[in-house]
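Worksheet: the structure to be examined is printed underneath.
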Amino acid sequence: MRQHTSSHEDRADVLVVGAGPTGLTLAIDLARRGVACHVVEETERRAVNPRCNTTSARSMEIFRRLGLADDIRRAGLPEDYPMSVQYRTTLRGEEVFRIDLPSAGEVLAGAGRDRWPTPEPQHRISQLFLEPILERHAGKLPGLTLERGTRLVELRQYEDHVEAVVESAGTTRVIRCSYVVGCDGAHSAVRRQLGIRYQGVEAIQKFVSTFVRSSELGRLAAPDRAWTYWTYGRRLASLIAIDGDELWLNHVAFDPGHDTDREDPERLLNEAVGGEIEHEVLGVVRWTGRQLVAERYHEGRVFLAGDAAHIWIPVGGFGMNAGIQDAATLSWMLAAVHHGWAPPDLLTAYERERKPVGEQFAGAVGSAARASLADVSPDIHLPGQDGERARAELAGRLAVTEPHRYSPDGFSFGYHYASSPLVVGGEGQAVISMGGYQERAQPGFRLPHSWLDDGRSVLDVLGPDFTLLRTDSTVAVEPWTDAARERGIPLTVADLPARWPDRYPTALLLVRPDQHIAWMGGADARPDELLHTVTGRLAAHQR
């Protein structure tokens, strides 16, 4: 990775503060769109402890667009390692319930692909392995620089630029940029500089997370491997396979008022396993699961994304994954303004689109976590019929609460911007749920996936900016291409087969750079007004 040093005022189109998955995804997307981007990261090295361990289907679709999906899917757990989830009294005890999910190798081979609602099913990969892939890719892109060991000291906003004072190795300097994006986590220096507070629930659960190396754990798991083993010892715990061999993460949940400083991580591991086990502790983190969303997502030329904008209890990994969605939305908007085919007012739509999604995610994740963390009868540990009866009762409850948690298609494909000023014909703000979404094109929603005859997904035919999809070849597209050319708006035109009328019910669909539908209709459309609307210039749907 190139290191960036300067003794004078530096310049960048966009300064990204924070080199986690959100910041790196944003920087990669911006660089691919021709926007010079500089990333500063306070830490010299990446965190040792694993954090998010799931990359959602929607994030994988975003990484597919960026050319990263296959590299990510081949990293982390071995390709033949099952991504299944087991629920057991302890690791050595009785199985209560299980959810069998395919390995990365099966996904790469396309097993069952005709039933997938996406070209990229979710992937279980620790952030330990994901971040290096993103950083390596970022290092290859022209116009993108990354600087570690550099912290933000101050932000000074002006009408036409921002000055960021940064410090590294005891020396401060100024970076002059058009925009700043804070992707610097829950303790965001950018958010503090703006005086923006979180709002919501300060504590849902407390956790002790212990990262260990144990070849014995690998041997115990080998006969019936799973990505996660939920166990019900003294406390509910989840034992997560990190590398499919000797690296494991043990999350143990406690009530929000519990003093976790008194908890011995080694005892917690033994309780989850069901007896003592050989291991080496690599790291321990005591943390609180929250349900918080920033009161604002931007101020002037400065924006928040990822954990800087929202933090919640990590059900399904949707903290990191929501941040990647933030990046996909903000990147095209910043690029459109930078290249001059959209006005600066376009950027106000970022908060109007992403903040409602963050609030709904926070509420839904909180509810799902409370359901999953509900009390469990100790009778599940009893021998004989009493234990069998208690385990069967728990299995029935898990069959209701858990499947959508581990295949949360509603979160990946059901979030939307129907009420956005950049969307024409949206029908209000439908509530997001883990399992609910429609495989039918709707304004504001992500374009539904279908496989084409040449093996590509419909998502693969979309251009880098706006795309006009046509399902009826008799409808002329020249008025659209002429209007786009006159206004300097980059527009790709592609034809779709007409064999999916229920999925793509109109002759034309205008799709945004982030793969969400901006408008749907037919030959009677007024392309000039619509293109103005979707780029933040004119509210055609208010005329």
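Heavy-atom basis, side chains included; hydrogens, waters and symmetry copies ignored. Model, not experiment: these values are computed from the prediction.
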Please check if the side chain of Asp184 supplies one atom and the backbone of Val190 the other of a donor-acceptor pair under 3.5 Å.
-> yes
Indicate the ring-plane relationship of Phe303 and Tyr350, choosing parallel, tilted or perpendicular according to the 30° and 60° boundaries.
-> perpendicular
Consider only side-chain N and O atoms of Asp326 and His310, and report whether a donor and an acceptor are under 3.5 Å apart.
-> yes
Test item: Asn250 and Val212 side chains (from C-beta on) under 4.5 Å apart, heavy atoms = no
Quick one: are Val40 and Leu152 in side-chain contact, heavy atoms under 4.5 Å?
-> no
Can you tell me if His38 uses its side chain to pair, donor with acceptor, with the backbone of Leu15 under 3.5 Å?
-> no
Do any N or O atoms from the side chain of His123 and from the backbone of Ala75 form a donor-acceptor pair under 3.5 angstrom?
-> yes
Close side-chain approach of Leu347 to Val337, heavy-atom, < 4.5 Å = yes
Going by heavy atoms in the side chains, are Leu130 and Met320 under 4.5 Å from each other?
-> yes
Looking only at heavy atoms, what is the nearest atom pair of Phe361 and Phe411, with distance?
-> CZ-O, 3.6 Å
Side chains of Thr535 and Trp341: is there a donor and an acceptor less than 3.5 Å apart?
-> no
Is it the case that more than 12 heavy atoms not belonging to His161 sit under 6.0 Å from its NE2 atom?
-> yes
Is the shortest heavy-atom distance from the side chain of Asp307 to the side chain of Thr22 under 4.5 Å?
-> no
Verdict with supporting geometry, Val107 and Trp116, side chain to side chain contact (heavy atoms under 4.5 Å, CB included) = CA-CA 10 Å; Val107 172; Trp116 299 349; 3.8 Å; yes
Under 3.5 Å, is there a donor-acceptor pair between the side chain of Arg290 and the main chain of Glu202?
-> yes
Which atom pair, heavy atoms only, marks the closest approach of Tyr406 to Trp230?
-> OH-NE1, 2.6 Å
Which distance, rounded to the nearest 0.5 Å, do you find between the CD1 of Ile324 and the OG of Ser56?
-> 7.0 Å
Side-chain donor or acceptor of His416 paired with backbone N/O of Ala418 under 3.5 Å = yes
Taking every non-hydrogen atom, the tightest pair across Gln205 and Ala253 = NE2-CB, 3.9 Å
Only residue of Arg173, Arg156, Arg301 satisfying salt bridge (Lys or Arg N to Asp or Glu O under 4.0 Å) with Glu163 is Arg156
Distance col, row Leu66:CG vs Leu134:CG, nearest 0.5 angstrom, shows 9.0 Å
Value rounded to 0.5 Å, distance of CG in Asp29 from CZ in Phe63 = 10.5 Å
Please report the C-alpha distance between Phe207 and Glu263 in whole Å, then the side-chain angles of each, then the deciding distance to 0.1 Å, and finally whether the side chain to side chain contact (heavy atoms under 4.5 Å, CB included) criterion is met.
-> CA-CA 10 Å; Phe207 294 85; Glu263 295 291 341; over 6 Å; no
Would Arg191 count as a cation-pi partner of Tyr198, with NZ or CZ less than 6.0 Å from the six-membered ring centre and within 45° of the ring normal?
-> yes
Short question: side chain of Tyr229, backbone of Ala226 - any donor-acceptor pair under 3.5 Å?
-> yes
Does the side chain of Val293 reach to within under 4.5 Å of the side chain of Gln199, using non-hydrogen atoms?
-> no
So how far is it from Leu77 CG to Asp243 CG, rounded to the nearest 0.5 Å?
-> 7.5 Å
Quick one: which of Arg352, Arg354, Glu353 gives a side-chain hydrogen bond (donor to acceptor under 3.5 Å, both in side chains) with Tyr417?
-> Arg354
His338 side-chain N/O to Asp13 backbone N/O, donor-acceptor pair under 3.5 Å = no
Is there side-chain contact between Asn321 and Gln122, with at least one heavy-atom pair below 4.5 Å?
-> no
Has the side chain of Thr533 got a donor or acceptor atom that lies under 3.5 Å from a matching backbone atom of Leu422?
-> no
Do you know the tightest heavy-atom contact between Val16 and Cys183?
-> CG1-SG, 4.0 Å
Test salt bridge (charged side-chain N to carboxylate O under 4.0 Å, His left out) applied to Arg151 and Glu167, step by step | CA-CA 5 Å; Arg151 69 181 184 91; Glu167 184 271 332; 3.3 Å; yes
Test side chain to side chain contact (heavy atoms under 4.5 Å, CB included) on Leu447 and Val458 and set out the steps.
-> CA-CA 8 Å; Leu447 179 74; Val458 167; 3.4 Å; yes
Does any N or O in the side chain of His339 come within less than 3.5 Å of the main-chain N or O of Arg33, such that one atom is a donor and the other an acceptor?
-> yes
Smallest separation among heavy atoms of Gln193 and Leu155, with atom names | OE1-N, 3.0 Å
Between Leu346 and Gly536, what is the shortest heavy-atom contact and its length?
-> CD1-N, 4.1 Å
Establish, from distance only, whether the side-chain atoms of Glu61 and His449 form a donor-acceptor pair under 3.5 Å.
-> no
Hey, is the main chain of Tyr297 close enough, under 3.5 Å, to the side chain of Glu351 for a donor-acceptor pair?
-> yes
Side-chain contact, heavy-atom cut-off 4.5 Å: Arg148 with Thr43?
-> yes
Testing Arg73, Arg58, Arg65 for side-chain hydrogen bond (donor to acceptor under 3.5 Å, both in side chains) with Glu120, which one passes?
-> Arg73
OG (Ser331) and CD1 (Ile62) are apart, to the nearest 0.5 Å, by 8.5 Å
Chi angles and distances behind the side chain to side chain contact (heavy atoms under 4.5 Å, CB included) call for Asp255, Arg235 = CA-CA 10 Å; Asp255 294 334; Arg235 303 295 310 183; 4.0 Å; yes
Out of curiosity, Leu144 CG to His137 NE2, how far, rounded to the nearest 0.5 Å?
-> 9.5 Å
